[in-house]
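Okay, structure first, notes after.
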Amino acid sequence: MSDHALTGEDRPGDGLSDLADFLAHALHLENEAADHYEELADAMDAHNNREVAALFERLGGFARQHAAEVPTHAAAHGCTLPPRHPWEFHWPTGATPETPLRDHSHYLMTPHHALTLALEAERLGQQYYQWVATETGHDTIRALATDMAAEESEHVAILEDWLTRYPAPAPGWDDDPDPAHMPE
Ligand code: ZN
């Protein structure tokens, strides 16, 4: 155990003033989004919707790629990604932007439902990066966050388009006469 005090670059912050800290936020957000998209893709596969499963695999792939680019950004700017516990991040809304993607437990989840959760998560991701870009006084953070916000805007547009093809199901879609016999 080292008892040396954490320097400014190591200390968890709000992601607005220290590049390594912002990149740690981005890495966490993108990896979590990728993990949850993979789970959502599996759920859609289980509901025999290969088309929507493939979309989620694609969106998860974008998130994974963004995560993979984070160490490159860090290296390009000569900083080291600090280790972080999930509870050490500061999110302006109090929750990780990908949180809506966790809510996929409903065993009768429809493609519309799943696409709506994904749209909400992408919007929160876009708003997060936009918030950073607006609030930071750090030029490199602003430039990276602006790019990331633009990419999330593209994902929002993709999902808005897909939702027009999967409108809300009719009321009563989740009436289940015998839930006990439904497989998980
Ligand atoms: Zn995205």
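Ligands are counted one by one from 1 in listed order, and the atoms in each one are counted from 1 as well.
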**Prompt:** Which distance, rounded to the nearest 0.5 Å, do you find between the CG of L59 and the CG of L40?
**Reply:**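 Rounded to the nearest 0.5 Å, the CG-CG separation comes to 10.0 Å.
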
**Item:** Donor-acceptor side-chain pairing of E122 and Q126 below 3.5 angstrom
**Value:**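 No pair is found: no donor N or O on one side chain lies under 3.5 Å from an acceptor on the other.
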
Validation: residues 24-31 side-chain donor-acceptor distances under 3.5 Å, sequence neighbours left out:
{"unit_1": "H25", "atom_1": "ND1", "unit_2": "D21", "atom_2": "O", "d": "2.9"}
{"unit_1": "H25", "atom_1": "NE2", "unit_2": "H90", "atom_2": "N", "d": "3.0"}
{"unit_1": "H25", "atom_1": "NE2", "unit_2": "H90", "atom_2": "O", "d": "3.2"}
{"unit_1": "E30", "atom_1": "OE2", "unit_2": "Y129", "atom_2": "OH", "d": "2.7"}
{"unit_1": "N31", "atom_1": "OD1", "unit_2": "R64", "atom_2": "NH1", "d": "3.1"}

**Asked** Would you say the side chain of E151 lies within less than 4.5 Å of the side chain of F62, judging by non-hydrogen atoms?
**Response**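 With C-beta onward as the side chain, the pair stays apart.
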
Donor-acceptor pairs under 3.5 angstrom involving side-chain atoms of residues 161-169: please list them, not counting sequence neighbours.
{"unit_1": "T164", "atom_1": "OG1", "unit_2": "D161", "atom_2": "O", "d": "2.5"}
{"unit_1": "R165", "atom_1": "NH2", "unit_2": "E51", "atom_2": "OE2", "d": "3.0"}
{"unit_1": "Y166", "atom_1": "OH", "unit_2": "E51", "atom_2": "OE1", "d": "2.4"}

Side-chain donor-acceptor pairs under 3.5 Å in residues 141-149, sequence neighbours left out?
{"unit_1": "R142", "atom_1": "NH1", "unit_2": "D139", "atom_2": "OD1", "d": "2.9"}
{"unit_1": "R142", "atom_1": "NH2", "unit_2": "T136", "atom_2": "O", "d": "3.4"}
{"unit_1": "T146", "atom_1": "OG1", "unit_2": "R142", "atom_2": "O", "d": "2.6"}

**Request:** Work out how many protein N, O or S atoms lie closer to the Zn ion (ligand 1) than 2.8 Å.
**Result:**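 Protein N, O or S neighbours of the Zn ion (ligand 1) under 2.8 Å, waters not counted, come to 3.
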
